[in-house]
Amino acid sequence: MRLPKAAHTDRPWRIHEIAPDFPVADVWAFRAPGAGPDDFPAMLTALWATGGQPPLVRLLFAARWKLGALFGWDKPETGLDGRIRSLCDRLPDDLRGPLAATAVPGTPFTAVYELLDECANELANKTVHTVMHLGWVPADNGDHELRMAVLVKPNGLFGRLYMAAIAPFRHLVVYPALTRKWERAWRDRARLGNGEIG
């Protein structure tokens with residue numbers, strides 16, 4: 001379910017001190033029936049065990065990577081520690097952990113930090129520098145739910161045009177597909193945790 005940007009900006013997330021210059025593009029909520037306040041690590045384990053992206057999203061990313069290869073959008077020099085510095089360089093000592101700067105399973109993202117109720121992953125190329133922030137918050141029904149905020153710094157006019165062009169795909173395809181897959185991952189977390197399905 002899409003949420004107003006204030007659903008992210010009004011909460012005391014640590015990402016605000018790390019990336020205050022990154023505008024919020026989208027905020028989305030994912031249900032986790034029966035989830036409690038300590039279940040964020042279990043949710044992350046379930047998400048990554050599914051392979052991260054739904055098939056349709058993987059298809060879109062595959063098309064995107066082909067365009068990137070054709071036009072040189074994803075060359076190493078356009079990414080983290082090439083065109084821009086990683087957000088890991090901004091981390092205070094208490095947020096520096098073993099996951100920083102490691103690949104996030106099944107996704108094109110690199111981990112920045114992970115806490116008991118939030119984590120941040122980043123991606124950079126010639127078009128944008130973006131952050132996928134995941135947080136764990138109380139839901140209106142007494143459960144907890146997953147919140148995803150997408151923070152984006154476009155690379156100039158080209159990056160802004162790129163973000164405008166992909167907006168329909170994000171809202172009509174990517175986020176609904178993630179909702180189906182991630183909410184199913186929560187329901188199947190026991191089997192996913194045992195590596196029985198992916």
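This one's a predicted model, so the numbers in the text were calculated from it and none came from an experiment.
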Between [X] and [Y], which heavy-atom pair has the shortest distance, and what is it?
X    : Y    : answer
A7   : V27  : CB-CG1, 4.2 Å
A101 : C88  : N-SG, 3.6 Å
N155 : K126 : ND2-O, 2.7 Å
A185 : A46  : O-CB, 3.5 Å
A111 : L99  : CB-O, 3.2 Å

Do [X] and [Y] make a side-chain contact, defined as non-hydrogen atoms from C-beta onward lying under 4.5 Å apart?
X    : Y    : value
N121 : T107 : no
K5   : P23  : no
H8   : L151 : yes
L47  : L134 : yes
H129 : E122 : yes
W13  : V137 : yes

Once rounded to the nearest 0.5 Å, what's the spacing between atom [atom1] of [X] and atom [atom2] of [Y]?
X    : Y    : atom1 : atom2 : result
N125 : L80  : CG    : CG    : 9.0 Å
M132 : D26  : CE    : CG    : 13.0 Å
T130 : K153 : OG1   : NZ    : 12.0 Å
D117 : D38  : CG    : CG    : 10.0 Å
E183 : D188 : CD    : CG    : 12.0 Å
R31  : L146 : CZ    : CG    : 12.5 Å

Can any side-chain N or O of [X] pair as donor or acceptor with the backbone N or O of [Y] at less than 3.5 Å?
X    : Y    : value
R14  : C119 : no
H16  : R11  : yes
S86  : D81  : no
Y113 : I15  : yes
R90  : I18  : yes

Students often mix this up, so state it plainly: with edges at 30° and 60°, are the rings of [X] and [Y] parallel, tilted or perpendicular?
X    : Y    : value
W186 : W136 : tilted
Y175 : W28  : tilted
F158 : Y162 : tilted

* **Electrostatic pair D39-R189, nearest N-O below 4.0 angstrom** => no
* More than 12 heavy atoms of other groups within 6.0 Å of L116 CG -> no
* **Neighbour count >12 (heavy atoms, 6.0 Å) for atom CZ, R83** => yes
Could you state whether [X] and [Y] fall into the same hydrophobic cluster, counting links through intermediate Ile, Leu, Val, Met, Phe, Trp or Tyr residues with side-chain heavy atoms under 4.5 angstrom apart?
X    : Y    : answer
M148 : V112 : no
F30  : L3   : no
L123 : V150 : yes
V128 : L67  : yes
F109 : V24  : no

* Asked: ring pair (Phe, Tyr, Trp, His ring centres under 6.0 Å) between F40 and H144: does it pass, once the steps are laid out?
  -> CA-CA 9 Å; F40 185 56; H144 272 59; over 10 Å; no
